[in-house]
Each structure stands twice: as structure tokens, then as C-alpha cells.
Amino acid sequence: MSEIFIALYAPSSVQKLLDFVKTVYVSPRLVPVIIKPYGAAAQVGIPEAYKISYKLGRPLIVLPEAKDLVDVLACKRVYYLDESGSQLDLSSIISSSEKSAIIIPSGEQEPAPREISSTHVVWPSEIPRGLPPVAIAGVIVYKIVR
């Protein structure tokens with residue numbers, strides 16, 4: 001199995017960002033990515049997240065745009081989770097042999113259509129609709145750890 005990046009898109013909440021990072025770190029296989037943080041999350045949350053990362057000896061990646069998952073991290077497949085996306089089995093994403101990334105929207109700011117034009121817009125069939133971002137990350141981590 002290859003490396004999987006779990007990204008939180010455009011968080012502004014410090015607590016949501018920290019809870020997300022702590023949740024992703026439960027799995028040694030996953031790497032948390034924060035895309036386009038703003039407000040308090042950018043000013044306070046990112047430094048706090050780096051403290052957690054440093055204490056655990058684990059990577060934390062902060063990117064300015066979603067396309068950097070391909071350009072910088074060389075992900076072969078990028079999935080953007082959206083409730084209106086096509087249904088997909090989560091197992092097919094996490095069992096891929098290719099380096100991949102899953103983008104979870106923070107619910108605070110939506111990406112421009114051009115930003116996610118090269119991603120696969122999907123919704124995992126195992127995840128109930130309406131869950132908050134940290135809970136979605138928790139389901140993904142559980143599925144991988146299990």
C-alpha cells in the first residue's frame with residue numbers, strides 16, 4: 001500500500017484544524033495536509049499543529065492550493081469529498097497502490113471549480129452524509145487502521 005495524504009481544505013477554526021491533525025495521526029500510514037488555511041487557523045492553528053507534529057516525529061504539510069497535491073506531492077489520484085459527488089467505495093481509494101490524496105472540505109470555504117477540476121469528486125458510500133470534517137477523517141482513519 002502506498003502513502004495516503006488526508007487534506008483539510010480552507011479551515012479557519014483552530015480547534016477543527018488541531019482535531020483533524022490529531023485524528024489523522026492515529027494512523028501511521030496517513031499524512032495530514034492543510035490546504036489554504038486562513039484566519040485564526042493560519043495564525044494560531046498551524047504553529048500549534050506543528051508542535052504536535054514535532055512531538056510525534058510525524059510530517060505535517062501545509063499547501064497554498066489543492067493542485068499542489070499533484071504538483072508538489074506527486075499524487076497520482078486526488079479525491080475531493082462532496083456529498084453531490086459520485087458514489088465510491090472507500091476501500092477502493094485506500095487500497096490503491098498509487099500515491100493518493102483525499103481532500104475533506106472544512107465547510108468554511110468552498111474551493112473554486114477550477115481548483116478541483118483535476119480531482120475526482122466523490123462521496124464514499126460508507127460515510128453518512130452530513131458528518132462534520134473531523135468525523136469524516138475519523139471514519140477514514142478507522143477504515144485504514146481496522
Side-chain angles (χ1 to χ4, degrees), residues 1-13 15-38 41-42 45-46 48-146:
M1 290 188 200
S2 70
E3 194 169 32
I4 299 176
F5 298 95
I6 304 291
L8 183 62
Y9 183 85
S12 68
S13 163
Q15 194 60 52
K16 187 181 291 186
L17 186 148
L18 295 176
D19 288 345
F20 171 79
V21 169
K22 289 174 187 176
T23 301
V24 173
Y25 281 145
V26 168
S27 170
R29 184 174 168 216
L30 298 175
V31 177
V33 178
I34 307 300
I35 300 172
K36 202 183 267 188
Y38 67 100
I46 293 297
E48 288 297 320
Y50 271 116
K51 278 201 260 184
I52 295 166
S53 167
Y54 186 78
K55 284 180 182 178
L56 295 174
R58 301 278 306 276
L60 173 65
I61 300 168
V62 180
L63 298 173
E65 296 185 32
K67 70 180 186 103
D68 291 328
L69 290 165
V70 174
D71 297 344
V72 175
L73 301 179
C75 291
K76 299 294 181 196
R77 294 182 107 14
V78 178
Y79 300 92
Y80 179 79
L81 302 189
D82 187 279
E83 291 183 3
S84 64
S86 58
Q87 290 283 315
L88 184 66
D89 186 41
L90 188 57
S91 299
S92 65
I93 297 172
I94 61 177
S95 65
S96 173
S97 61
E98 297 178 318
K99 187 186 284 190
S100 57
I102 301 169
I103 302 172
I104 301 171
S106 68
E108 297 165 9
Q109 185 181 48
E110 294 299 316
R114 68 165 181 77
E115 238 185 313
I116 57 169
S117 62
S118 63
T119 67
H120 302 280
V121 180
V122 299
W123 188 258
S125 54
E126 301 92 334
I127 298 178
R129 296 177 192 281
L131 282 180
V134 175
I136 293 170
V139 171
I140 294 169
V141 168
Y142 174 76
K143 186 84 170 172
I144 288 172
V145 171
R146 189 174 71 97

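These numbers come from a predicted model, not from an experiment. FYI, the numbering just counts along the sequence from 1. Quick note: numbers below take in every heavy atom, side chains included, and nothing from hydrogens, waters or symmetry partners.
- In this structure, the separation between CD1 on I127 and CD1 on I140 is 4.5 Å, given to the nearest 0.5 Å.
- To the nearest 0.5 Å, atom CZ of residue F5 and atom OG of residue S100 are 9.0 Å apart.
- Judged purely by distance below 3.5 Å, without hydrogens or angles, the side chains of Y9 and E110 never pair a donor atom with an acceptor atom.
- Within the model, atoms CD1 of I104 and CG of L81 stand 5.5 Å from one another, a figure rounded to the nearest 0.5 Å.
- Residues P124 and D89 form no side-chain contact, since every pair of their non-hydrogen atoms from C-beta on lies 4.5 Å or further apart.
- Here the shortest heavy-atom pairing between L63 and P37 reads O-CD, 4.4 Å.
- Below 30°, between 30° and 60°, or above 60°: for Y79 and H120 the angle between ring planes is between 30° and 60°, a tilted geometry.
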Before giving the answer on side chain to side chain donor-acceptor pair (under 3.5 Å), spell out for S12 and E108 the whole-Å C-alpha distance, their side-chain angles and the decisive distance to 0.1 Å. CA-CA 7 Å; S12 68; E108 297 165 9; 2.7 Å; yes
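- The two atoms that bring A41 and P11 nearest to each other are CB-O, 3.3 Å, heavy atoms only.
- Taking the charged nitrogens against the carboxylate oxygens, E65 and K36 have no contact shorter than 4.0 Å, which rules out a salt bridge.
- Heavy-atom minimum distance, E83 versus W123: N-CE3, 3.6 Å.
- Remark: I4 CD1 to I144 CD1 distance equals 4.0 Å, nearest 0.5 Å.
- The minimum heavy-atom distance between V141 and V24, with the atom names listed, is CG2-CA, 4.0 Å.
- Taking CG of L90 as the start and CD of E126 as the end, the distance is 5.0 Å to the nearest 0.5 Å.
- Shown here is Y142, whose OH atom has no more than 12 heavy atoms of other residues, nucleotides or ligands within 6.0 Å.
- Between the K67 side chain and the V72 main chain, no donor and acceptor come within less than 3.5 Å of each other.
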As a quick check of understanding, evaluate side chain to side chain contact (heavy atoms under 4.5 Å, CB included) for L73 and V33, giving each step before the final call. CA-CA 10 Å; L73 301 179; V33 178; 4.3 Å; yes
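- One N or O on the side chain of S53 and one on the backbone of R58 form a donor-acceptor pair closer than 3.5 Å.
- The shortest side-chain heavy-atom distance between P32 and F20 falls under the 4.5 Å cut-off.
- For the pair A66 and I35, the tightest heavy-atom approach, listed with the atom from each and the gap, is N-CG2, 3.7 Å.
- Atom CG of residue L60 and atom OH of residue Y25 lie 4.5 Å apart, to the nearest 0.5 angstrom.
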Given E48 and I52, is the side chain to side chain contact (heavy atoms under 4.5 Å, CB included) satisfied, shown in steps? CA-CA 7 Å; E48 288 297 320; I52 295 166; 5.7 Å; no
Passes side chain to side chain contact (heavy atoms under 4.5 Å, CB included), I103 versus L69? Steps please. CA-CA 10 Å; I103 302 172; L69 290 165; 3.6 Å; yes
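- Using a distance-only test at 3.5 Å, with no hydrogens or angles considered, no donor-acceptor pair links the side chain of E3 to the main chain of V31.
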Applying side chain to side chain contact (heavy atoms under 4.5 Å, CB included) to L131 and V139, what does each step give before you reach the verdict? CA-CA 10 Å; L131 282 180; V139 171; 4.2 Å; yes
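- Across all their heavy atoms, S106 and Q109 have their closest contact at OG-N, 4.1 Å.
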